[in-house]
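The figures here come from the full heavy-atom set of this structure, side chains too, leaving out hydrogens, waters and symmetry mates. All values reported here derive from a predicted model rather than from experimental measurement. Letters A, B, ... are given to chains in the order of the sequence lines, protein chains preceding strands, and every chain is numbered from 1.
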Protein chains: 2
Amino acid sequence: MPETGSRGATASAPMSRRERKKAATRQAIADAALRLFLERGFDNVGIREIADAADVSTTTLFKHFPVKEALVFDREADLEAGLLAAVRERPPGQSIPAALREHALRHRRADADSDPRFASFLELVNSTPALRDYHQAMWLRHTAALAEAIAEESGLPADDPACTALAHFALEAPRVARAHDDAREALIRAFDLLDHGWRALTSRT
Amino acid sequence: MPETGSRGATASAPMSRRERKKAATRQAIADAALRLFLERGFDNVGIREIADAADVSTTTLFKHFPVKEALVFDREADLEAGLLAAVRERPPGQSIPAALREHALRHRRADADSDPRFASFLELVNSTPALRDYHQAMWLRHTAALAEAIAEESGLPADDPACTALAHFALEAPRVARAHDDAREALIRAFDLLDHGWRALTSRT
DNA sequence: GCGAAAAGTGCAACAGCTTCACTTTTGAAG
DNA sequence: CTTCAAAAGTGAAGCTGTTGCACTTTTCGC
């Protein structure tokens, strides 16, 4: 599988040869892994095999990726920026939960549209329990950052548990929605719950 | 380590010898495991060692417990009943989220009080990431049942996503709270969010 | 008592992951 | 250009959870 295109990790700061080589190795590993996974399924490809395909030792592989699941979510780090931006740069008058809802919906739409390779990627993730779980766990790691952004935007104290709660619930919402036939509708409804609750909490201060 | 006492799994339906022996083996394994874990930590005890201590083969061990983590949560199955009861038999006039909040608070209090053995058990779980995660995942498996109870009690259609959302969020609330210094306060605040949201959703039909 | 199903056994193997001692590459300072 | 230390990569060996397999023992219903 050739490079997925131009949208590599946040711009290309001039990298030294060392950094370039390191990045290349990492890419080679991730590419080989994804290709094999798509061909034969996550559970039917061994670590050693991936290492072979990428022509590195398993030791090297694990220096780049802490666990097997991480091979799949190579450049998933910069999603946090979009998340925070959705809150911080929301249109005036829009509530924070509403902004998060819109962001989630936008995300869904983007997924549906984009190229077929990405579609099969999604199918791989959603059909492999280990990957679903790992992805959700990764996603939840943005809770603290999101909570902070929410606190700032709402004027609440930075450690107000309500901010953490809203952040956490909002990040869990897609997972809730996925369990329903009409995921889009479910997502909206889940965020409605949060929106009304949030309004009530913040209005009576 | 002798038997942990009288509160065995829900009553003693007359069991055949086979069932009794099976249960005994299971107990022996779980007891040995818990003892070793408490002594030396979850990660410092191997499966083979537990099997030895319980005087069974590792094959047998895995016929009783699907994964290592399950050894710790032996009789954790009947918590669902209490959860559903909290919703179904809540005092008149109390909202569903409020009932869930009270149940959660009651649970906290019970934990704090009970005998020191249980306290160290809790410490074991909370200090071992693998166990924390496994426990949360187990806990979330009650989402569907709870959502159903909520739907019935609120008169909403059984498949209304709002019910699933409330159930899921309520089950996640303790996890959110655990991240704060004053967990009790945080728990209340998280449920406040849900309570206000739920009221708004259900009041306008 | 008999036969089938269930429970248990022992062992070998696999796969993910780690450790260790080691070589190669690279960046920069002298 | 040399030198040197840090970083990247190697290879093999090993630990640990988990599974498969062929097998014996126990228990139950008849």
Side-chain angles (χ1 to χ4, degrees), chain A residues 13-34 36-37 39-74 128-135 137-138, chain B residues 13-34 36-37 39-74 128-135 137-138:
Chain A
M15 299 195 296
S16 63
R17 164 136 79 247
R18 190 135 80 195
E19 283 165 322
R20 254 181 294 125
K21 280 208 163 187
K22 182 169 182 174
T25 307
R26 187 191 169 87
Q27 263 311 319
I29 298 173
D31 287 351
L34 188 54
L36 291 173
F37 288 157
E39 278 175 17
R40 320 213 313 263
F42 183 76
D43 296 315
N44 301 322
V45 182
I47 289 285
R48 306 181 218 280
E49 198 176 351
I50 297 171
D52 275 2
D55 206 49
V56 297
S57 66
T58 76
T59 319
T60 299
L61 189 155
F62 278 111
K63 273 196 183 132
H64 285 274
F65 302 91
V67 293
K68 192 185 180 189
E69 287 80 19
L71 287 164
V72 174
F73 305 103
D74 191 13
T128 310
L131 290 179
R132 274 201 283 104
D133 293 354
Y134 186 79
H135 182 252
M138 272 188 75
Chain B
M15 299 196 296
S16 64
R17 165 136 80 243
R18 188 133 80 194
E19 283 165 322
R20 253 180 295 126
K21 281 208 161 186
K22 182 168 182 177
T25 307
R26 187 191 169 87
Q27 263 310 320
I29 298 173
D31 287 351
L34 188 54
L36 291 174
F37 288 157
E39 278 175 18
R40 322 214 310 263
F42 184 76
D43 296 316
N44 301 322
V45 182
I47 288 285
R48 294 156 170 85
E49 196 177 352
I50 298 171
D52 274 3
D55 205 49
V56 297
S57 66
T58 76
T59 318
T60 298
L61 189 154
F62 277 111
K63 274 197 182 129
H64 285 273
F65 302 90
V67 295
K68 191 185 182 189
E69 287 80 17
L71 287 164
V72 174
F73 305 104
D74 193 12
T128 312
L131 290 180
R132 274 202 286 101
D133 293 353
Y134 185 81
H135 182 252
M138 272 188 77

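- Between B:Ile29 atom CD1 and D:dT18 atom P the separation is 14 Å, expressed in whole Å.
- The B:Arg48 side chain lies nearest to D:dT18 when the options are C:dG10, D:dT18, D:dG9.
- Relative to the side chain of B:Val67, the nucleotides C:dG10, D:dA6, D:dT18 differ in distance, and D:dT18 lies closest.
- Residue B:Lys21 places none of its side-chain N or O atoms closer than 4.0 Å to OP1 or OP2 of D:dT26.
- Taking 4.0 angstrom as the limit, B:His64 places a side-chain polar atom (N or O) nearer than this to OP1 or OP2 of C:dG8.
- Atom CE of B:Met15 is separated from atom C1' of D:dT26 by 17 Å (rounded to the nearest Å).
- Closest to the side chain of A:Thr58, out of D:dG17, D:dA8, C:dT18, is C:dT18.
- For the pair A:Lys68 and A:Phe37, the cation-pi criterion (under 6.0 Å, within 45° of the ring axis) is not fulfilled.
- Counting to the nearest Å, the P atom of D:dC15 and the NZ atom of B:Lys68 are 16 Å from each other.
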Any chance you could lay out the side-chain contact (heavy atoms from CB on, under 4.5 Å) test for B:Tyr134 and B:Val67, step after step, and finish with the verdict?
CA-CA 10 Å; B:Tyr134 185 81; B:Val67 295; 3.8 Å; yes
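- With hydrogens and angles left out, the side chain of B:Ser57 and the base of C:dG8 share no donor-acceptor pair within 3.5 Å.
- Listed pair B:Lys63 / C:dA7 fails the phosphate criterion, with no side-chain N or O lying under 4.0 Å from OP1 or OP2.
- Closest approach of B:Ala30 to B:Asp74, counting heavy atoms only: CB-OD2, 3.5 Å.
- When the C1' atom of D:dT16 is taken as reference, atom CD of B:Glu49 falls 12 Å away, rounded to whole Å.
- Each of A:Glu19 and A:Thr59 has a nearest nucleotide on DNA chain C; the 5'-most of these lies closest to A:Thr59.
- Between the CZ atom of A:Arg18 and the P atom of D:dA7 there is a distance of 7 Å, given to the nearest Å.
- A donor-acceptor contact shorter than 3.5 Å links the side chain of B:Arg26 to the backbone of B:His64.
- The OH-P distance, from B:Tyr134 to D:dG17, rounds to 15 Å in whole Å.
- Residue contacts shown for B:Arg17 are limited to sugar-phosphate atoms, with no base heavy atom under 4.0 Å away.
- Rounded to an integer number of Å, the gap from CD1 of A:Ile47 to C1' of C:dT18 is 13 Å.
- Listed nucleotides: C:dT18, C:dA7, D:dT18. Nearest to the side chain of A:Phe62: C:dT18.
- A distance of 9.5 Å separates CD1 of B:Ile50 from CD1 of B:Ile29, quoted to the nearest 0.5 Å.
- Side-chain N/O atoms of A:Thr60 include one lying less than 4.0 angstrom from OP1 or OP2 on D:dT10.
- A donor N or O paired with an acceptor N or O is not found under 3.5 Å between the base of C:dG27 and the side-chain atoms of A:Ser16.
- If you measure from atom CG of A:Asn44 to atom P of C:dG16, you get 10 Å, rounded to the nearest angstrom.
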